[in-house]
2 protein chains.
Amino acid sequence: MGDSPTPCGRRRCRGKEYSCSMELSLAVIGGKWKPLILWHLRGGGTMRFSALRRSMPIITQKMLTQQLRELEADGLISRTVYAEVPPRVEYGLTEPGCDIIPILEALCRFGRDFENRFGVEEAAPPAVRAVAP
Amino acid sequence: MGDSPTPCGRRRCRGKEYSCSMELSLAVIGGKWKPLILWHLRGGGTMRFSALRRSMPIITQKMLTQQLRELEADGLISRTVYAEVPPRVEYGLTEPGCDIIPILEALCRFGRDFENRFGVEEAAPPAVRAVAP
DNA sequence: CCGTATCCATCATGATACTG
DNA sequence: CAGTATCATGATGGATACGG
């Protein structure tokens, strides 16, 4: 490996403080929704905001926007705004962004092994959101 | 991959709710200190509490205890208490815990590539903790 | 359509003190 | 030595409303 993760000697890269490369990686992709966003973009093409949103029904607009901005600031995704009416914005992976995909695949495999080892059950259906009367 | 990460159909495994295996993985190893703890245990032997603590000067005792308990509950590390005075507790990786190491190595590599791509600087020295007068 | 701005609840983390 | 217990706080995420 060559990179001791001993947390002495804190460094900074793109505004993130960390003590070892792994910490930096987690700072970059560790956000609650970031792996999922990158995952949906893994095909190589671009997706527009609304398509991303549809693919993650749980996420709020605020969080999607926020996480996309951070991923963009970290150089993992590209953002292209088309000056049209109505507006259109397309998101895609950059080269560094593509580098994460194999790791996400490995994470996914680990998760599946974990499930197989310990068993899965259906989650209780999410409490139905009360409709305003 | 075979496992669509589409967030429909929430599942539950060991008390964690998630929508795709990757989410589960992040729930298991995503804690702020967990990757670091697992990393320090990667040698294959065991370490006692105080040794782990020394290897992560920043972490508080409370957080170390807490994260160790969660890792243990998730079956990633083993915890052995020796009935001695003074007490001795040894931590080590279980087999599922060992499975994560290659992923952490990949994460570490990604972080290093990221640093090389975008550059690193020394972090400002951590504000010296005021000594009580 | 694709956002920003604001306010608010919750939780994760930290500081500190105490114990078997 | 290896923890618990307690309290404080700051980051994180969600609901809602509004804007170009």
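Not measured: the values here are computed from a predicted model. The analysis underlying the following values was restricted to heavy atoms, covering all of them including side chains, and did not include hydrogens, waters or symmetry mates. Naming: A, B, ... by sequence-line order, numbering from 1 per chain.
Atom CD of A:E95 has 12 or fewer heavy atoms from other residues, nucleotides or ligands within 6.0 Å.
Using a 4.0 Å cutoff on non-hydrogen atoms, no part of residues 43-52 of chain B comes near DNA chain C. Within residues 73-84 of chain A, the residues approached by DNA chain C to less than 4.0 Å at the level of any non-hydrogen atom are A:R79, in residue-number order.
D:dG13 atom C1' lies 14 Å from atom CD1 of A:I58, rounded to whole Å. Distance, A:R53 CZ to C:dC1 P: 11 Å, rounded to whole Å. Remark: C1' of D:dC1 and CG of B:L64 are 13 Å apart, rounded to the nearest angstrom. In this structure, the CD atom of A:E90 is 13 Å from the C1' atom of C:dC2, given to the nearest Å. Atom-to-atom, CZ of B:R88 to P of D:dG3 comes out at 13 Å; the value is rounded to the nearest Å. The separation between A:Q66 atom CD and D:dA11 atom C1' is 11 Å, rounded to whole Å. Rounding to whole angstrom units, CG of residue B:L68 and P of D:dC1 are separated by 17 Å. Whole-Å rounding puts the A:M63 CE to C:dA9 C1' distance at 15 Å.
In this structure, B:T94 contributes its side chain and B:G75 its backbone to a donor-acceptor pair below 3.5 Å.
Looking at A:K16, A:R11, A:R14 one by one, the single match for salt bridge (Lys or Arg N to Asp or Glu O under 4.0 Å) with B:E115 turns out to be A:R11.
Distance check, rounded to the nearest 0.5 Å: CG of A:L68 to OH of A:Y91 gives 4.5 Å. B:T60 contributes atom OG1, which lies 9.0 Å from atom CD of B:Q67 (distance to the nearest 0.5 angstrom). Here the NE2 atom belonging to A:H40 is positioned 5.0 Å from the CE atom belonging to A:M56, to the nearest 0.5 angstrom. How far CG of B:L41 is from CG of B:L36: 10.5 Å, rounded to the nearest 0.5 Å.
For B:Q61, counting side-chain heavy atoms from C-beta on, the closest listed nucleotide (D:dG13, C:dC2, D:dT4) is D:dT4. The A:Q67 side chain lies nearest to D:dG13 when the options are D:dG13, C:dG14, D:dA15. Distances from the side chain of B:P87 to the nucleotides D:dG13, C:dG14, C:dG20 place C:dG20 closest. In this structure, the nucleotide among D:dG13, C:dT13, C:dG3 sitting nearest to the side chain of A:K32 is D:dG13.
Regarding contacts with the backbone of C:dT4, a side-chain N or O of A:R69 is found under 4.0 angstrom from either OP1 or OP2. The shortest distance between the side-chain N/O atoms of A:K62 and the OP1/OP2 oxygens of C:dC7 is not below 4.0 Å. Put simply, A:Y91 has a side-chain N or O that comes within less than 4.0 Å of OP1 or OP2 on C:dG3.
Taking 4.0 Å as the cut-off between side-chain N and carboxylate O, A:R42 and A:E105 do not count as a salt-bridged pair.
The same ILVMFWY cluster, assembled from side-chain heavy atoms under 4.5 Å apart, contains both B:I77 and B:V81.
By the ring pair (Phe, Tyr, Trp, His ring centres under 6.0 Å) test, A:Y82 pairs with no residue at all, sequence neighbours left out.
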